[in-house]
Amino acid sequence: MSLMALAEADRVALPRWVRLHFDRVRDRWVLLAPERVLFPCPTSVMILEHLKADEREVAGLVDELAEEYAAPRATIGADVLAMLQGLADQGFLAVRGTGTQESGHG
């Protein structure tokens, strides 16, 4: 479990050893890491697709998704933080906090 709660000011990214991949055999998206695989729900895939390219500040990601889906920012923010926190806790997400602490589980 992560020692720190994820905040909107944190920057997040998929570590280089984790990748989002569409598995044609299973006909679904998978999140792959060495010797591990997750099967994200469609909402999680949508969020992860925004993280594929570069490190992102959580607040910017929440703003973008709230605008894209014309949804209340507070609702999107709570859902995004919960999903990303779960990935961070499992080592599928690299987090760079606003301080000097960095987390990239493996």
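Computation of the quantities below employed the complete heavy-atom set of this structure, encompassing side-chain atoms and omitting hydrogens, waters and symmetry-equivalent molecules.
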Undergrad: Enumerate the salt bridge (charged side-chain N to carboxylate O under 4.0 Å, His left out) contacts for residues 26-35, please, sequence neighbours excluded, ordered by first and then second residue.
TA: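 Listed by first then second residue: D23-R26.
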Undergrad: Working to the nearest 0.5 angstrom, can you tell me the gap between F92 CZ and R19 CZ?
TA: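 One gets 12.5 Å once the value is rounded to the nearest 0.5 Å.
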Undergrad: Under the side-chain contact (heavy atoms from CB on, under 4.5 Å) test, which residues partner E68, sequence neighbours left out?
TA: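 Scan of E68 (side-chain contact (heavy atoms from CB on, under 4.5 Å), adjacent residues dropped) gives H50, L65.
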Undergrad: Report yes if the side chains of L84 and V95 come closer than 4.5 Å at any heavy-atom pair, otherwise no.
TA: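 The answer is no; the side chains never approach within 4.5 Å.
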Undergrad: Given 3.5 Å as the limit, does a donor-acceptor pair link the side chain of Q85 with the main chain of L6, or not?
TA: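 Indeed, once roles are kept as given, a pair shorter than 3.5 Å links the two residues.
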Undergrad: Using side-chain heavy atoms (C-beta onward) and a distance below 4.5 Å, is L87 in contact with L38?
TA: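 Result yes, sub-4.5 Å side-chain heavy-atom pair found.
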Undergrad: If two hydrophobic side chains count as joined below 4.5 Å and joins carry through other members, does M83 share a cluster with V37?
TA: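 No, no single cluster joins them.
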Undergrad: Taking Q90's backbone N and O only, do any of them form a donor-acceptor pair with R36's side chain (distance below 3.5 Å, no angle check)?
TA: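 Checked: pair present.
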Undergrad: Looking at side-chain heavy atoms only, is the closest gap between V18 and L32 below 4.5 Å?
TA: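 Not in contact.
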Undergrad: To the nearest 0.5 Å, how far apart are CG in L61 and CG in D10?
TA: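 CG of D10 is found 12.5 Å from CG of L61.
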Undergrad: Hey, what do you get for CD (E57) to CZ (R11), rounding to the nearest 0.5 Å?
TA: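 It comes to 6.0 Å.
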Undergrad: Ignoring hydrogens, what is the shortest heavy-atom contact between L93 and A13? Give both atom names and the distance.
TA: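 Heavy-atom minimum between the residues: CD1-O, 3.3 Å.
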Undergrad: What residue pairs, at least two apart or across chains, pass salt bridge (charged side-chain N to carboxylate O under 4.0 Å, His left out) with a residue in residues 70-88?
TA: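 Only E8-R73, D63-R73 qualify under salt bridge (charged side-chain N to carboxylate O under 4.0 Å, His left out).
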Undergrad: How would you list all residue pairs meeting ring-ring contact (aromatic ring centres under 6.0 Å, His included) that involve residues 26-45, not counting sequence neighbours?
TA: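 Those involving residues 26-45 are F22-W29.
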Undergrad: Test of understanding: clusters of I, L, V, M, F, W, Y form through side-chain heavy atoms closer than 4.5 Å, transitively. Do W17 and L48 belong to the same one?
TA: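 Yes, one cluster joins them.
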Undergrad: How close do E49 and L20 get, counting heavy atoms only, and between which atoms?
TA: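 In terms of heavy atoms, the two residues are closest at CG-CD2, 3.8 Å.
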Undergrad: To check you understand the geometry: which heavy-atom pair defines the closest contact between P40 and V45, and what is its length?
TA: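 Closest approach of P40 to V45, heavy atoms only: CG-CG2, 3.7 Å.
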